[in-house]
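Structure, as structure tokens:
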There are 2 protein chains.
Amino acid sequence: MEEKEISQAVIGRLPRYFRYLGQLKDEGIERVSSQELSDIMKVTASQIRQDLNHFGGFGQQGYGYNVGYLYEEIGKILGLDKEHKLIIIGAGHLGQALANYVNFERRGFIFCGIFDNDPAIYGTQIRDIEVRPVEEMEDFIKSNNVDIAVLTIPKQCAAAIAERLVSCGIRAIWNFAHVDLNVSEEIQVENVHLLDSLMKLSYNLASRRK
Amino acid sequence: MEEKEISQAVIGRLPRYFRYLGQLKDEGIERVSSQELSDIMKVTASQIRQDLNHFGGFGQQGYGYNVGYLYEEIGKILGLDKEHKLIIIGAGHLGQALANYVNFERRGFIFCGIFDNDPAIYGTQIRDIEVRPVEEMEDFIKSNNVDIAVLTIPKQCAAAIAERLVSCGIRAIWNFAHVDLNVSEEIQVENVHLLDSLMKLSYNLASRRK
DNA sequence: GAGGAACTGTCAATTTATTGACAGAAAAAA
DNA sequence: TTTTTTCTGTCAATAAATTGACAGTTCCTC
């Protein structure tokens, strides 16, 4: 899809650009220069221009960037113009919290199933979707064309579940389990290691950064 | 505390080293070389040695690293040898999920209060701690010596709450609200922008990164 | 206890990321 | 219209991060 491989550092900044542009759009602002945006976002104007230029020339000399257009384009680059079906594996507190987070839907991430291995909660309704036994996971993925699996399960089961997900054709895993998944390179994995993040905060607190 | 500023790239890798070392320790393994660790962790041995060396020579030529010792030392560097009291602002689904996550306690992060602005849930018990009105937040922080505030509130209220937190002396914020907080440089902020993470996954899915 | 193998710590080389500079295009002003 | 200003896209320079190389220490074997 892309000609040259674009670094994850750049990709990681796109959602933030998207967020600020959405905000400017909501404020009714139609154009913005890299300099203005850099002031708001506290990054260099050079970085903004460089980043955006990886994907093509969205701006115009002497004018800047059209907020609405750039917002749309970054949305497309991020794949937000398409719907992604996602299922959640693990209906514990975190799984349920994510299932209830409606903002994902606004960006095209459609929550369509949640699975657990505890019979006591089978059938529990979360936003009109009932908790299913994890045994039904494979069939559900195949028959519902699921793109993304969200892993909110204990680390002990994560590897086994990941393997099952891969073998039934899932393409992406959003992993909240506190282990690194060892799956094929073709499967996209995005880790959210909350404890790691908290430890980083703890370090910075202890070392009184800046 | 530290002589030279250590880059956030290095800090960000420490929790992962810590995790793998903990695992080796649990398996009863006493020593490990940077080469062995690099094989397991899929990073270069050079990077491991370089990273660890920022904090001092933990290894021994011809022997490698003592797993238990290195584990302890990284724990100290991350500040995990001390207890950190944390409170959660926002008792929605995510706030409650985090409040219920007992693994934080194992690393010294003590959940000791949760606040909300919805009177309907005041008094609700979460792990023996009741949801308090957010008005009591400031007094609670001051009288309980709270280190970290976890923000699980809508982005609209985040800035105002952050300001209140800062003015009553909080030193660190773990921010789950989908905005960048504009607080003094002395306050450590660690953002967990779930939607950004999901968008990154979406991009990689769309561009089929290897 | 001597010799070879296994390692680290560190320095240098390389790669990657970020920032600065500027030519030239468009817009705004005169 | 002409001139001046604004602002991008891009290239070059700088800075930062990662990797490679190796001297020298320790361990292990014989």
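Just so you know, these numbers come straight off a predicted model, no measurement behind them. Residue numbers start from 1 in every chain, and the chains themselves are labelled A, B, ... in the order their sequence lines are given, proteins ahead of strands.
- Remark: Arg31(B) is in phosphate contact with dC28(D), judged by side-chain N or O atoms under 4.0 Å from OP1 or OP2.
- Rounded to whole Å, the distance from CD on Glu30(B) to P on dC27(D) is 14 Å.
- A salt bridge does not link Asp180(A) with Lys42(B): every distance from a Lys NZ or Arg NE/NH1/NH2 to an Asp or Glu carboxylate oxygen is 4.0 Å or more.
- Taking atom CD of Gln50(B) as the reference point, atom P of dA13(C) lies 15 Å away to the nearest angstrom.
- In this structure, Leu70(A) places its CG atom 14 Å from C1' of dG9(D), rounding to the nearest Å.
- Close to dC22(C), at under 4.0 Å from its OP1 or OP2, lies no side-chain N or O of Arg49(A).
- The base of dT26(D) does not come close enough to the side chain of Gln61(B) for any donor and acceptor atom to sit less than 3.5 Å apart.
- The aromatic ring centres of Phe109(A) and Trp174(A) sit 6.0 Å or more apart.
- Take the nearest nucleotide of DNA chain D for Ser33(A) and for Ser7(B): the residue whose nucleotide is more 5' is Ser33(A).
- Protein atom CG of Asn66(A) is 15 Å distant from nucleotide atom C1' of dT8(D), rounded to whole Å.
- Between Lys142(A) and Cys168(A), the shortest heavy-atom contact is CE-CB, 3.7 Å.
- Look at CZ on Phe55(A): it is 18 Å from P on dT8(D), rounded to the nearest Å.
- Summarising the geometry, the separation between CG on Leu52(B) and C1' on dC7(C) is reported as 14 Å, rounded to the nearest angstrom.
- Proximity of Ser34(A) to the phosphate of dT8(D): a side-chain N or O atom is located under 4.0 Å from OP1 or OP2.
- We find that CD of Gln47(B) is positioned 13 Å from C1' of dG20(D), with the value rounded to whole Å.
- Place Asp51(A) and Tyr63(A) on DNA chain C by their nearest nucleotides, and Asp51(A) ends up nearer the 5' end.
- Nucleic acid contact class of Thr44(B) (heavy atoms, under 4.0 Å, all strands): sugar-phosphate only.
- The heavy-atom pair separating Ile114(B) from Gly90(B) by the smallest distance is CD1-O, 4.4 Å.
- Of all heavy-atom pairs between Ile6(B) and Phe55(B), the closest is CD1-CE2, 3.3 Å.
- In this structure, His54(A) atom NE2 and dT8(D) atom C1' are separated by 15 Å, rounded to whole Å.
- For dT26(D), the OP1/OP2 oxygens have no side-chain nitrogen or oxygen of Gln60(B) closer than 4.0 Å.
- Applying the 4.0 Å criterion to OP1 and OP2 of dT26(D), one finds that Tyr65(B) has every side-chain N and O outside that range.
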